[in-house]
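Contents: one structure, followed by commentary.
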Amino acid sequence: MAQQLPETGAGHSGLKRELGLMGVFSVAAGAMISSGLFVLPGLAFAKAGPAVILSYALASLLMIPSMLSKAELATAMPKSGGSYFFIERSLGPLPGTFAGFANWVSISLKSAFALVGIGTLGEVLLPHLGLKGTALAACAFFALVNLVSLKGAGRLQILLVLGLLLMIGIYVGKGMGSVEVTRFSPFMPHGSPAVFAVAGMVFVSFGGLTKVVSVAEEVRNPARNLPLGMFLAFAIVSLLYVAVVFVTVGAVDPHTLAGNLAPIAAGADAALGPVGVLLLETAAFLAFATTANSGILAAARSPMAMSRDGLLPAFLSKTNRRFSTPHTAIIATAVFMGAVVAFLSVEDLVKTASTMMILMFMMVNAATIIMRQSGLQNYRPTFRAPLYPWLQVAAIILYGFLIVEMGRVPLILTGAFALAAGIWYLAYVRPRIERESAFVFLVKNILAKDIGRSGLEDELKHITLERDEVSLDRFDRLVTNAGVIDSGTCMSAKEMFKAVAAKLAPRVAMDKDALYRLFLKREMESSTVVHPGIAIPHVVLQGEGIFDLLLVRCRSGVVFSELHQPVTTVFVLAGTMDERNYHLRALMTIAHIIEEPGFIDRWLKARGEEELKDMLLLSKRRREAPPPPP
């Protein structure tokens, strides 16, 4: 059956690719710098003493497995929804339903907490609005920016993050002169267990790093910009975290710092005076602003992605025709965040959101293992996480310990949330969705040798074409409609040519015996074996406007002569004289494809005709430019 392929690889979702490398970096960095830097160091110092510096360094290391796993999954599947999409496609609709809601709620709650921070700081400038009024006004502003343009939201994020990093850099640079070595002694007053416990406590500060994968579908050149942007944000912000905590511990009296809810402001006051306090208050405002802006940007993509998959009502996946933004999902997210700010105690819910986030990290690492082990040919990440699978397994175990440390109440609330997601799955999702996950495909692959093609293979193929922005050319269309002979038994060249003639004759309107003799004559003139194990028989037909391709795989080999090893891969070309120029271009195209590393191995392992064709369609060759319009 012929495959239906889009003419181009991009633009089918209604979303525009408007985020570049700086946009990715700014969303990731901005989401990391918030209360974890401006509030937590004082609380963490009370528990670990000066060794809180080590706690922040260890917490950053705990982030590495999830960052690497998400980078791999995002380069293979750069789709809106990020973690939700990865988990749903790998583990199935039930875990995907939980992941989608958890991703949306956890990011929204964290962003609502940032809005409260904006309200606290902005209350001084806008006393008539009050804390909640200021926070709601900020929520409406960021929602409007995201509604009008992703590019505008991205540019705003870049400006906010650059300003924030500059101010933090000034604090670190100037504050180093006020550091007193005596403040670091004793360095570990509460012992090493406290260092590890506090590392788990501040770990959530780094969780915003991977928010950016939720907008992967709107990133230009995601194969490069997503992992690079995340790695840069992680490296720079992690160093800043450790440096800021180092300066603060060294500049502030321990009794003042322990339990202080504005530790960085206290450090700025000690190191830089009133000007420093103003500088850091401005930096804190920018930090909360970047978190809120990136939160709305990322959180809104979860309900949109779930809606596109049928897990939520269809209206949530609508995009604005004028601005190409998911306006209904953005509005729903902003309304939810506003309701949390107006009616709930955000602080009580943030710990639950952190528990959900850590659980999501566990599922993402499991998703990486499932996708790698599934044997899905079209899972083609451009970045692969190193130290697989030990890094992912270790992360799942460590994150499990962190969840236990979060306490009973967050675990109970997360369990209740999971139960609610399960009820939604049974009532709404299950009757509508029959999609096969990579996990199901893996189980089938283990239990049976001959299994049918997974619909996920087709989806991954289209995602890869979109990611690489492939415009399909004439050879791609030839491959899509090509006939295929797939044999497991050894045969002679004559036997193969008989089978080829029988398959090809109706397609080129020619007698099969005459076509068979034509192939024999061509082979007698010179061998068409062009490479060990590969042959390209090609003949010239009578008439005009005919050119066709037929693919042959013979696992046991076709014996062309005693001088050549058995041929397993055959590309058969047949065309009329007026197609001679394209005939040569097709030969060059095939030459590029067969030179790709591991081609023969993947050709022999492909399961069936569709996977053989997918190999050719997803090759890295340069496509021909489309002809100019008449």
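Note that these values count all heavy atoms, side chains included, but never hydrogens, waters or copies made by symmetry.
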Could you walk me through whether Ile403 and Met362 pass the side chain to side chain contact (heavy atoms under 4.5 Å, CB included) check? CA-CA 10 Å; Ile403 286 180; Met362 294 176 69; 3.6 Å; yes
Side chains of [X] and [Y] in contact at under 4.5 Å (non-hydrogen atoms):
{"X": "Met360", "Y": "Ser66", "answer": "no"}
{"X": "Val219", "Y": "Pro78", "answer": "no"}
{"X": "Phe86", "Y": "Met363", "answer": "no"}

Is [X] reaching over with its side chain to a backbone N or O of [Y], donor-acceptor style, under 3.5 angstrom?
{"X": "Ser307", "Y": "Pro303", "value": "no"}
{"X": "Ser374", "Y": "Met371", "value": "yes"}
{"X": "Asn320", "Y": "Arg322", "value": "yes"}
{"X": "Arg467", "Y": "Met77", "value": "no"}
{"X": "Tyr56", "Y": "Leu239", "value": "no"}
{"X": "Ser238", "Y": "Ala235", "value": "no"}
{"X": "Thr325", "Y": "Leu147", "value": "yes"}
{"X": "Thr290", "Y": "Gly30", "value": "yes"}
{"X": "Trp424", "Y": "Leu311", "value": "yes"}
{"X": "Thr291", "Y": "Ala114", "value": "no"}

Considering residues at least two apart in sequence or located in another chain, which fulfil the salt bridge (Lys or Arg N to Asp or Glu O under 4.0 Å) criterion with Glu436? Lys444
By salt bridge (Lys or Arg N to Asp or Glu O under 4.0 Å) - contacts of Arg372 (at least two apart): Glu72
Nearest 0.5 Å, please: how far is [atom2] in [Y] from [atom1] in [X]?
{"X": "Leu73", "Y": "Arg89", "atom1": "CG", "atom2": "CZ", "result": "13.0 Å"}
{"X": "Met306", "Y": "Ser80", "atom1": "CE", "atom2": "OG", "result": "14.0 Å"}
{"X": "Leu160", "Y": "Leu286", "atom1": "CG", "atom2": "CG", "result": "6.0 Å"}
{"X": "Ile396", "Y": "Leu391", "atom1": "CD1", "atom2": "CG", "result": "10.5 Å"}
{"X": "Leu159", "Y": "Ser26", "atom1": "CG", "atom2": "OG", "result": "8.5 Å"}
{"X": "Asn225", "Y": "Thr75", "atom1": "CG", "atom2": "OG1", "result": "12.0 Å"}

Taking it one step at a time, do Thr355 and Leu402 satisfy side chain to side chain contact (heavy atoms under 4.5 Å, CB included)? CA-CA 8 Å; Thr355 304; Leu402 289 180; over 6 Å; no
Specify the closest pair of heavy atoms between [X] and [Y], including all atoms of both residues, with the distance to one decimal.
{"X": "Leu115", "Y": "Ala292", "result": "CD2-CB, 3.8 Å"}
{"X": "Cys139", "Y": "Ile296", "result": "O-CD1, 3.9 Å"}
{"X": "Pro227", "Y": "Pro222", "result": "CD-O, 3.5 Å"}
{"X": "Ala482", "Y": "Lys613", "result": "O-NZ, 3.0 Å"}
{"X": "Pro93", "Y": "Ile433", "result": "CG-CG2, 3.9 Å"}

Indicate whether any N or O donor in one side chain lies under 3.5 Å from an N or O acceptor in the other, for Asn293 and Asn146. yes
Ser69 and Asn365: side chain donor to acceptor below 3.5 Å: yes
Ionic contact status for [Y] with [X], cut-off 4.0 Å:
{"X": "Arg308", "Y": "Glu217", "value": "yes"}
{"X": "Arg621", "Y": "Asp476", "value": "yes"}
{"X": "Glu611", "Y": "Lys605", "value": "no"}
{"X": "Arg301", "Y": "Glu218", "value": "yes"}
{"X": "Arg623", "Y": "Asp468", "value": "no"}
{"X": "Arg622", "Y": "Asp473", "value": "no"}
{"X": "Glu466", "Y": "Lys79", "value": "yes"}

Should Phe141 and Val145 be marked as a side chain to side chain contact (heavy atoms under 4.5 Å, CB included) after you check the CA-CA gap, both sets of side-chain angles, and the distance that decides it? CA-CA 6 Å; Phe141 170 75; Val145 171; 3.9 Å; yes
Run the ring-centre check on Phe441 versus Tyr379 and record whether the distance is less than 6.0 Å. no
Would a line drawn from the ring center of Trp104 to the ring center of Phe336 be shorter than 6.0 Å? yes
Yes or no on side chain to side chain contact (heavy atoms under 4.5 Å, CB included) for Ile593 and Phe475, after CA distance, side-chain angles and deciding distance? CA-CA 12 Å; Ile593 292 172; Phe475 189 82; 3.7 Å; yes
For residues 205-215, please give each side-chain donor-acceptor pair under 3.5 Å, one per line with the distance, not counting sequence neighbours.
unit_1: Ser205; atom_1: OG; unit_2: Val202; atom_2: O; d: 2.9
unit_1: Thr210; atom_1: OG1; unit_2: Lys70; atom_2: NZ; d: 2.9
unit_1: Ser214; atom_1: OG; unit_2: Lys211; atom_2: O; d: 3.4

Single hit among Lys461, Glu457, Glu610 for side-chain hydrogen bond (donor to acceptor under 3.5 Å, both in side chains) with Asn378: Glu457
How are the rings of Phe361 and Tyr399 set relative to one another: parallel (under 30°), tilted (30 to 60°) or perpendicular (over 60°)? tilted
In this structure, are over 12 heavy atoms from other groups packed under 6.0 Å from Phe439 atom CZ? no
Is there a ring pair (Phe, Tyr, Trp, His ring centres under 6.0 Å) between Phe383 and Phe231? Walk through the geometry before answering. CA-CA 12 Å; Phe383 170 84; Phe231 297 160; 5.3 Å; yes
Within 45° of the six-membered ring axis of Tyr428 and under 6.0 Å from that ring's centre, is NZ or CZ of Arg430 located there? no
Test log, rule side-chain hydrogen bond (donor to acceptor under 3.5 Å, both in side chains), inputs Ser302 and Asn103: CA-CA 7 Å; Ser302 282; Asn103 197 45; 2.8 Å; yes
